[in-house]
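To keep things clear, I will list the structure first and then write my remarks on it.
Position 1 is the first residue of the sequence, and the numbers go up from there.
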Amino acid sequence: MSEKTIPILPCRTIQPVLDFYRALGFDVTFQQMSPNPYAVVERGGIQLQFFGMKHYDPTESFSTCYIRTDDVDGLHQAFRAGLKARYGRVPTRGLPRIGALRDASHGMRQFLMTDPGGNCIRIGQPMSEDLHHRPAPKEPFSRALHYASLFADSRDDPAAAAKVLDQALRLEDKRPTDVQLLRLLVLRADVARRLGDEETAISALSKAAAIHLTADERDSVRDDLARLEELRV
């Protein structure tokens, strides 16, 4: 037997969604305007289908799907380049947007993007055969990073992530390692930018950029350093 799952996702109007996916390198393989708006986009082995709903509010959407790939870094790079060419910048807040590439606590290396219809597309690559969520670390700064990342990405709640990070950064009786501090500050800048808090974002980015790391430490946080450079542009 051979089965295939194809998500059918809502949007208010079809055309902005198709323009978005074309920018990502998808082909529009079917489009219907009446009696009901409907379209299909495909890229390699990925197929997504969309239907129009006149009174649908993309900002209130809970629609999501997960795409597994064997080259999540390559897709992230290609999608970012396509969006920059389309919009003149890489959109990181509002609709549409694309998130940072991260190693998640359930054994996946992944990123999230949200299209103009408000649909959250999660794209990931397994890093382990064990895809269960790891227990939250007990060490306070690692624990803060664990929960803040979950809030920022999986739950799309940057305000909750900011609260967790601020609590960790205000601890007076403990001090994070330089690697932990850089990760905390980069994520704090990321969620601040998504919340429209530019003052906090600039402050966190400045502090993160001033941290001196060894070559081995820089290698261990290469995703965070890449995000730092993206946010500073």
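- Here the closest heavy-atom approach between residue L95 and residue P58 is recorded as CD1-CB, 3.7 Å.
- Looking only at atom types and distance, the side chain of T64 has a donor-acceptor partner in the side chain of R122 under 3.5 Å away.
- A side-chain donor-acceptor contact under 3.5 Å links R43 to the backbone of L24.
- I14 and V40 fall into different hydrophobic clusters, defined by Ile, Leu, Val, Met, Phe, Trp and Tyr side-chain heavy atoms under 4.5 Å apart, directly or through other members.
- Considering only residues two or more places apart in sequence or on other chains, R143 meets the salt bridge (Lys or Arg N to Asp or Glu O under 4.0 Å) condition with none of them.
- Nearest heavy-atom pair, A136 versus H146, reported as atom, atom and distance to 0.1 Å: CB-CD2, 3.6 Å.
- Contact between V17 and G117 at its shortest, heavy atoms only, is CG2-N, 3.8 Å.
- Remark: Q77 CD is loosely packed, at most 12 non-hydrogen atoms of other residues, nucleotides or ligands lying under 6.0 Å away.
- With no hydrogens or angles considered, a side-chain donor-acceptor pair links T29 and E42 at under 3.5 Å.
- You'll find the side chain of S203 reaches within 4.5 Å of the side chain of K207, heavy atoms only.
- Under the 3.5 Å distance criterion, the side-chain polar atoms of S149 are matched with a main-chain donor or acceptor of L145.
- The hydrophobic cluster containing L195 does not contain L187, counting ILVMFWY residues as joined when their side-chain heavy atoms lie under 4.5 angstrom apart, directly or transitively.
- In summary, D223 and R102 do not engage in a salt bridge, as defined by a charged side-chain N under 4.0 Å from a carboxylate O.
- No more than 12 heavy atoms of other residues, nucleotides or ligands shown are found within 6.0 angstrom of CZ on R183.
- Under the 4.0 Å criterion applied to side-chain N and carboxylate O atoms, R22 and D19 are assigned as salt-bridge partners.
- A donor-acceptor pair is defined here as one N or O able to donate and one able to accept, closer than 3.5 Å; such a pair exists between the side chain of T69 and the backbone of D71.
- Contact check on R227 versus D190 returns a salt bridge, with a Lys/Arg side-chain nitrogen under 4.0 Å from an Asp/Glu carboxylate oxygen.
- Here the OG-CG distance, from S220 to L182, works out to 9.0 Å after rounding to the nearest 0.5 Å.
- Using modelled atom types, no side-chain atom of R232 and backbone atom of E229 make a donor-acceptor pair closer than 3.5 Å.
- Looking only at atom types and distance, the side chain of Y56 has a donor-acceptor partner in the side chain of S61 under 3.5 Å away.
- We find that R218 and D224 are not joined by a salt bridge, their nearest charged nitrogen and carboxylate oxygen being 4.0 Å or further apart.
- Here the shortest heavy-atom pairing between M108 and P126 reads SD-CA, 3.4 Å.
- V186 and I202 are members of different hydrophobic clusters when ILVMFWY side chains are connected at heavy-atom separations under 4.5 Å.
- Judged by distance alone, the side chain of R109 and the main-chain N or O of L101 form no donor-acceptor pair under 3.5 Å.
- More than 12 heavy atoms of other shown residues, nucleotides or ligands fall within 6.0 angstrom of atom CG in D57.
- Considering D197, D166, T200 in turn, D166 is the only one that fulfils the side-chain hydrogen bond (donor to acceptor under 3.5 Å, both in side chains) rule with R188.
- Listed by first then second residue, pairs satisfying ring-ring contact (aromatic ring centres under 6.0 Å, His included) with a partner in residues 15-37 read Y21-F26, Y21-F50, not counting sequence neighbours.
- Considering all non-hydrogen atoms of both residues, I123 and V72 come closest at O-CG2, 3.6 Å.
- Listed by first and then second residue, the ring-ring contact (aromatic ring centres under 6.0 Å, His included) pairs involving residues 60-101 are H76-F111 (not counting sequence neighbours).
- Residues P176 and L184 share a closest heavy-atom pair of CB-CD1, 4.3 Å.
- The pair D156-R194 meets the salt-bridge criterion, since a charged nitrogen lies less than 4.0 angstrom from a carboxylate oxygen.
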